[in-house]
There are 2 protein chains.
Amino acid sequence: MTARTPSRTLGESVRDIPEATVARLPVYLRALNTLAEAGTRTCSSEELATAAGVNSAKLRKDLSYLGSYGTRGVGYDVDYLRYQIAREIGVTQDWPVVIVGIGNLGHALANYSGFRSRGFRVVALLDADHSRHGEVVAGVDVRAFDDLEEIVSTHGVAIGVIAAPAAAAQDVADRMVACGITSILNFAPSVISVPDGVDVRKVDLSIELQILAYHEQRKAQLS
Amino acid sequence: MTARTPSRTLGESVRDIPEATVARLPVYLRALNTLAEAGTRTCSSEELATAAGVNSAKLRKDLSYLGSYGTRGVGYDVDYLRYQIAREIGVTQDWPVVIVGIGNLGHALANYSGFRSRGFRVVALLDADHSRHGEVVAGVDVRAFDDLEEIVSTHGVAIGVIAAPAAAAQDVADRMVACGITSILNFAPSVISVPDGVDVRKVDLSIELQILAYHEQRKAQLS
DNA sequence: AAGAGTTTGTGAACGGGGGCACAAAACGAG
DNA sequence: CTCGTTTTGTGCCCCCGTTCACAAACTCTT
């Protein structure tokens with residue numbers, strides 16, 4: 001669902017992990033965290049797979065892309081594997097993030113505790129609406145959209161979140177890219193285009209519901 | 001990403017559309033709406049594909065699963081195609097929806113205009129917190145979680161949205177299923193298990209960011 | 001030390017989806 | 001009516017991802 005594959009230029013010494021696997025690693029990480037909190041020291045691929053809601057063969061193959069971190073006949077060491085996955089997807093570091101658009105969704109995102117606990121730190125909330133500047137939401141300063149460049153360079157921001165209306169999304173994205181942001185999470189219901197080398201992921205709430213509606217309708221037709 | 005393929009029992013007279021195509025139909029629909037608003041009466045697969053951010057061959061193949069709604073040498077009639085897609089995914093009907101969990105996310109969802117405009121009507125916001133019952137958020141009554149069954153049967157709700165904390169998610173899902181809900185959109189960061197015949201889709205905000213972080217980290221490693 | 005029992009890691013087969021490229025169909029000009 | 005132009009619908013091939021099934025590796029018991 002990522003807009004483009006990262007334009008690998010040269011070198012290519014880095015092991016590359018299939019996109020589908022990358023998307024599941026965070027799920028495994030969460031399952032491992034839950035197991036660790038419950039005091040589990042070791043787990044089999046079967047247990048972890050169940051906790052993550054996937055097939056155990058798939059889990060093992062996924063993990064095998066990272067290396068051989070399990071022990072045959074025994075299973076995986078929860079803490080060790082947890083660390084390895086976290087390191088691989090980069091959540092051991094600190095990722096400064098800016099959110100643009102302080103509507104209901106922007107609010108919800110700023111307040112979302114799941115970000116902070118995974119190494120994402122919201123450094124600013126930007127909005128075009130001047131009347132809200134200076135406000136503090138969830139401990140984060142609301143700033144002018146024009147401050148984007150300064151904020152990005154000051155904090156070394158690489159990831160931007162678009163929670164603005166669809167009409168503004170492309171503009172916001174262009175500005176982000178111009179400031180040096182190279183990864184964008186887009187919640188606006190519109191297609192945005194970006195140059196090569198910039199990753200875009202899109203989350204569309206109403207599309208998810210429409211997909212459910214399609215299947216729901218089919219279920220109804222069968223009877 | 002849907003948890004299970006709908007357990008087709010017998011009959012099977014209904015054309016079945018690949019899952020990947022179903023996920024893109026709402027995107028096409030939105031692009032068509034935009035074109036219609038701009039006064040466009042007809043469009044080629046190339047134009048529509050660009051607007052939707054996909055390859056034109058893929059677009060044509062996707063549309064061909066619905067039937068032959070285009071005219072060779074001319075293109076597609078915007079209004080006609082719009083209606084056909086809307087009918088196929090079921091957004092010409094009215095879909096009553098309940099949202100459970102009235103935190104920041106529940107608020108944002110209740111206020112989201114994109115639902116209403118696509119045939120989804122939020123009939124109730126449920127929360128375990130008694131102090132909030134009777135409140136009205138975005139024109140929707142906040143009710144007790146125990147009212148779920150009554151609300152579902154009164155309004156004929158088939159789709160439920162979970163915006164509750166992870167710890168409560170499985171419980172909420174079980175109750176939903178018990179009340180007859182057969183499609184669930186889960187925003188809680190946890191794996192929920194449901195019986196066959198119930199569709200679950202999952203949206204996890206922090207997972208999307210983690211996937212971006214992985215690619216961001218790799219970009220950094222190349223230099 | 002050897003055999004029975006577990007569990008990982010992976011080769012191989014399979015299925016779905018993406019994209020190219022072309023035939024079929026419609027339209028317009030002359 | 002015929003020819004050239006445009007654009008759809010789709011057959012074909014390829015690649016990615018999923019799953020099965022098994023050999024390799026480790027533990028434990030006797």
Side-chain angles (χ1 to χ4, degrees), chain A residues 1-6 8 15-25 27-28 31-32 35 40-78 80-82 84-85 88 211, chain B residues 1-6 8 15-25 27-28 31-32 35 40-78 80-82 84-85 88 211 214-215:
Chain A
M1 205 60 54
T2 304
R4 68 199 64 260
T5 47
R8 205 64 39 67
R15 235 190 345 261
D16 72 324
I17 299 182
E19 197 51 38
T21 298
V22 171
R24 281 187 296 266
L25 289 179
V27 180
Y28 302 155
L32 284 167
L35 286 174
T40 312
R41 314 285 299 171
T42 277
C43 68
S44 68
S45 64
E46 195 64 42
E47 292 173 76
L48 185 52
T50 306
V54 301
N55 179 298
S56 71
K58 182 160 31 175
L59 171 76
R60 288 198 300 275
K61 181 156 284 191
D62 283 342
L63 294 183
S64 76
Y65 292 115
L66 311 190
S68 282
Y69 296 138
T71 309
R72 298 174 191 226
V74 178
Y76 300 92
D77 181 282
V78 173
Y80 183 55
L81 185 57
R82 192 159 63 135
Q84 293 298 343
I85 295 180
E88 191 72 36
I211 296 171
Chain B
M1 206 58 48
T2 303
R4 67 197 66 260
T5 47
R8 205 64 39 67
R15 237 188 345 260
D16 72 325
I17 299 181
E19 197 53 36
T21 297
V22 171
R24 280 186 296 267
L25 289 179
V27 180
Y28 302 155
L32 285 167
L35 286 175
T40 313
R41 315 283 301 167
T42 278
C43 68
S44 68
S45 64
E46 196 64 42
E47 293 174 76
L48 185 52
T50 306
V54 301
N55 179 298
S56 70
K58 184 168 16 181
L59 170 76
R60 289 197 298 276
K61 184 163 285 187
D62 282 343
L63 294 183
S64 77
Y65 291 115
L66 311 189
S68 282
Y69 295 139
T71 310
R72 297 177 191 222
V74 178
Y76 300 93
D77 181 282
V78 173
Y80 183 56
L81 185 58
R82 193 157 65 131
Q84 292 299 342
I85 295 180
E88 190 73 36
I211 296 171
Y214 168 79
H215 291 298

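Within every chain, numbering begins at 1; the chains are lettered A, B, ... in the order of the sequence lines, protein sequences first and strands thereafter.
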- Item | Check against side chain to side chain contact (heavy atoms under 4.5 Å, CB included), A/Glu88 and A/Val22 | CA-CA 9 Å; A/Glu88 191 72 36; A/Val22 171; over 6 Å; no
- Which pair of non-hydrogen atoms, one from B/Cys43 and one from B/Leu32, has the smallest distance, and what is that distance? SG-CD2, 4.4 Å
- Does A/Ser45 place a side-chain N or O at less than 4.0 Å from the phosphate oxygens OP1/OP2 of C/dT7? no
Which pairs, protein N/O on one side and nucleotides 11-13 of chain D N/O on the other, fall under 3.5 Å?
residue	atom	partner	partner atom	Å
D/dG11	O6	B/Lys61	NZ	3.2
D/dC12	N4	B/Lys61	NZ	3.2

- Message: Nearest whole Å is fine: how far is D/dT7 P from B/Leu81 CG?
- Response: 16 Å
- Message: Tell me which residues in residues 50-58 of chain B lie within less than 4.0 Å of DNA chain D, going by non-hydrogen atoms.
- Response: none
- Task: Find out whether A/Leu48 and A/Leu81 are in side-chain contact, i.e. whether some heavy atom of one side chain is under 4.5 Å from a heavy atom of the other.
- Result: yes
- Query: Considering only D/dT18, D/dT10, D/dT7, which nucleotide approaches the side chain of B/Ser44 most closely?
  - Reply: D/dT7
- How many Å lie between CG on A/Leu25 and P on D/dG17, as a whole number? 13 Å
- Message: For B/Ala23 versus B/Val27, what's the shortest heavy-atom pair and its separation?
- Response: O-CG2, 4.2 Å
- Query: B/Ile17 has an atom CD1; how far is it from atom P of C/dG17, in whole Å?
  - Reply: 12 Å
- Task: For A/Arg24 and A/Asp62, work out which heavy atoms get closest and say how close.
- Result: NE-OD2, 2.7 Å
- Message: If I compare all heavy atoms of B/Thr42 with all of B/Val78, which pair ends up nearest, and what's the gap?
- Response: N-CG2, 3.8 Å
- Query: Just how far, in rounded Å, is C1' of D/dT6 from CD of B/Glu47?
  - Reply: 13 Å
Using atom types as modelled, flag every donor-acceptor pair under 3.5 Å from a side chain in residues 69-76 of chain B to any protein atom, sequence neighbours excluded.
residue	atom	partner	partner atom	Å
B/Tyr69	OH	B/Leu66	O	3.4
B/Tyr69	OH	B/Gln84	OE1	3.2

- Report the nucleotide, chosen from D/dT18, D/dG17, D/dT8, that has the shortest atom-to-atom distance to any side-chain atom of A/Pro18. D/dG17
- Task: Whole angstrom is fine here: how far is it from CG in B/Asp62 over to C1' in D/dT8?
- Result: 14 Å
- Residues pairing under salt bridge (charged side-chain N to carboxylate O under 4.0 Å, His left out) where one sits in residues 46-58 of chain A, two or more places apart or in two chains, turn out to be none
- Whole-Å distance between D/dC20 C1' and A/Arg60 CZ? 10 Å
- To the nearest 0.5 Å, what is the distance between OG1 (A/Thr21) and CG (A/Leu59)? 10.0 Å
- Closest to the side chain of B/Glu19, out of C/dG17, D/dG17, C/dG9, is C/dG17
- Message: If you compare all heavy atoms of B/Ser56 against all heavy atoms of B/Ala49, which two are closest, and at what distance to 0.1 Å?
- Response: CA-CB, 3.5 Å
- Message: Whole angstroms only, please: what is the CG-P distance between B/Leu59 and D/dG9?
- Response: 10 Å
- Note on the structure: Reading nucleotides 25-30 of chain D from 5' to 3' and marking B where a protein heavy atom lies under 4.0 Å of the base, S where only the sugar-phosphate is that close, and - otherwise, the string is BBS---
- Message: Below the 4.0 Å mark, does D/dC16 have OP1 or OP2 next to a side-chain nitrogen or oxygen of A/Tyr65?
- Response: no
- Query: Roughly, in whole Å, what's the span from CG in B/Leu63 to C1' in D/dT7?
  - Reply: 13 Å
- Message: Once rounded to the nearest 0.5 Å, what's the spacing between atom OG1 of A/Thr50 and atom CG of A/Asn55?
- Response: 9.5 Å
- Query: Phosphate oxygens OP1/OP2 of C/dT6: is one of them under 4.0 Å from a side-chain N or O of A/Tyr76?
  - Reply: no
- Query: Would you say a side-chain N or O of A/Arg24 is under 4.0 Å from OP1 or OP2 of D/dT18?
  - Reply: yes
- Check side-chain contact (heavy atoms from CB on, under 4.5 Å) between B/Ala51 and all other residues, then give those that pass, not counting sequence neighbours. B/Ala31
